[in-house]
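Structure first, then comments.
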Amino acid sequence: MKKQLVNLLKYSLAFGLLGWVVWQNWAPEGGRGLGYVWQRHAVEGQPIHLGYLLAALLCYVVALGLTLVRWYVLVRAQGLSLGVVDAIRLGLLGFFFSTFLPGSVGGDIVKAATLARGQSRRTVAVATVLMDRAIALWGLFWFVAILGGAFWLAGALEGPAAVDSKSIVATAGIIVGASALVWLLLGLLPERRVEIFAGRLMKLPKVGGSAAELWRAVWMYRCRQGSVAVALAMSWMGFVGFVGAFYCCSRALWDGDAANPIPSLAQHFLIVPIGLVIMAVPLFPGGAGIGELGFGGLYKLFGSNSANGVLASLVQRVLTWALALAGYGASFWLRPRKAAPESEPVTHPAPVVVHARAETYVAS
């Protein structure tokens with residue numbers, strides 16, 4: 001009962017916030033709100049831009065597919081047994097639960113637990129999901145820093161939001177530089193030091209074995225730089241798809257009036273990554289409510305009506321819900337296949353011991 005009550009409160013918070021954001025942007029003063037869009041399309045029968053809607057669907061499907069295959073690359077880098085079809089099936093299940101469950105990690109838990117059941121190194125299986133999230137976040141900052149820097153040099157960020165745009169790019173660049181330095185320093189550690197630190201983690205009560213194995217998994221990824229580079233490149237390509245999908249969603253119901261502008265495509269390459277981070281805030285199923293609030297604020301920051309950002313987020317949310325439901329159905333059609341045999345990574349550390357309690361928790 002307590003769990004059900006907590007989940008009910010989370011859904012109430014998310015959809016209550018969503019309702020408040022819609023109400024605030026229905027008929028804003030001095031701007032065209034959501035009520036204006038409803039009048040145009042639902043009452044007057046103005047057609048929507050189907051071309052942009054189909055383009056958004058295509059961009060989203062391609063980006064989602066790259067995300068699913070990226071996790072498969074990271075799993076195989078650890079030598080775990082998982083076929084590409086099963087990776088897609090588990091990824092679609094994870095996408096469904098991440099979309100509709102409170103918080104942003106529900107789908108990751110499903111993927112990690114299901115993968116761990118069939119593996120001898122269960123904590124490593126969980127580590128693949130954590131590493132997938134970490135690379136996605138790291139790739140996000142790289143994406144903003146590289147593309148934002150290119151737009152900055154080309155003069156594409158000039159305008160009313162030039163200062164804010166350049167601040168976002170500069171911040172992303174600092175984070176990329178600091179994280180890259182840590183990654184390089186990690187590569188300087190000799191294997192002996194890695195094992196010494198793993199031995200210290202083993203002494204932790206209850207979670208020592210799992211913590212040591214997780215540390216070895218991270219170190220193994222540092223030794224498999226090729227797989228990490230491929231996963232990072234797939235993240236960048238996926239972000240291009242997600243940005244393109246959101247931009248097309250913003251134009252699907254837009255009236256095209258110069259007096260009611262929306263941010264440019266170049267500015268969307270800064271807006272969408274920040275919006276994705278906001279949507280990952282816990283407690284909100286699929287970022288419902290908090291995502292609309294965030295994109296509305298970001299659009300306002302870039303000189304557009306906040307209602308335009310809320311509308312674009314709502315269009316993408318409907319698209320996401322439809323794809324999540326379709327993916328859930330497809331996951332049952334994609335029956336489990338015989339996976340490739342589990343193999344040892346090229347650089348394998350000392351034998352791994354999984355703590356019994358942690359293993360039982362993951363299996364359950």
- Task: Find out whether the Lys NZ or Arg CZ of Arg200 is both under 6.0 angstrom from the six-membered ring centre of Phe197 and within 45° of the ring's axis.
- Result: no
- Item | In one Ile/Leu/Val/Met/Phe/Trp/Tyr side-chain cluster, 4.5 Å: Leu276, Val318 | no
- Message: Parallel, tilted or perpendicular: which one describes the rings of Trp142 and Trp138, with boundaries at 30° and 60°?
- Response: perpendicular
- Message: For Phe246 together with Phe242, are the ring centres under 6.0 Å from each other?
- Response: no
- Message: Looking only at the side chains, is there a donor atom on one of Asn260 and Tyr36 sitting less than 3.5 Å from an acceptor on the other?
- Response: no
- Between Leu17 and Val6, is there a shared hydrophobic cluster once you connect ILVMFWY residues whose side-chain heavy atoms come closer than 4.5 Å? no
- Query: Within a strict 4.5 Å, meaning less than it, do heavy atoms of the Phe239 and Val272 side chains meet?
  - Reply: no
- Item | Leu140 side chain near Ser235 side chain, heavy-atom distance below 4.5 Å | no
- Message: Please determine whether a side-chain nitrogen of the Lys or Arg among Asp255 and Arg40 lies less than 4.0 Å from a carboxylate oxygen of the Asp or Glu.
- Response: no
- Query: Between Thr99 and Trp321, do the side chains contain an N or O donor and an N or O acceptor separated by less than 3.5 Å?
  - Reply: no
- For the residue pair His268 and Tyr299, is the inter-centroid distance of their aromatic rings smaller than 6.0 Å? yes
- Query: Does the ring-ring contact (aromatic ring centres under 6.0 Å, His included) test come out yes or no for Phe143 and Phe269, once each step is laid out?
  - Reply: CA-CA 8 Å; Phe143 183 78; Phe269 278 94; 5.7 Å; yes
- Tyr60 and Thr320: side chain donor to acceptor below 3.5 Å: yes
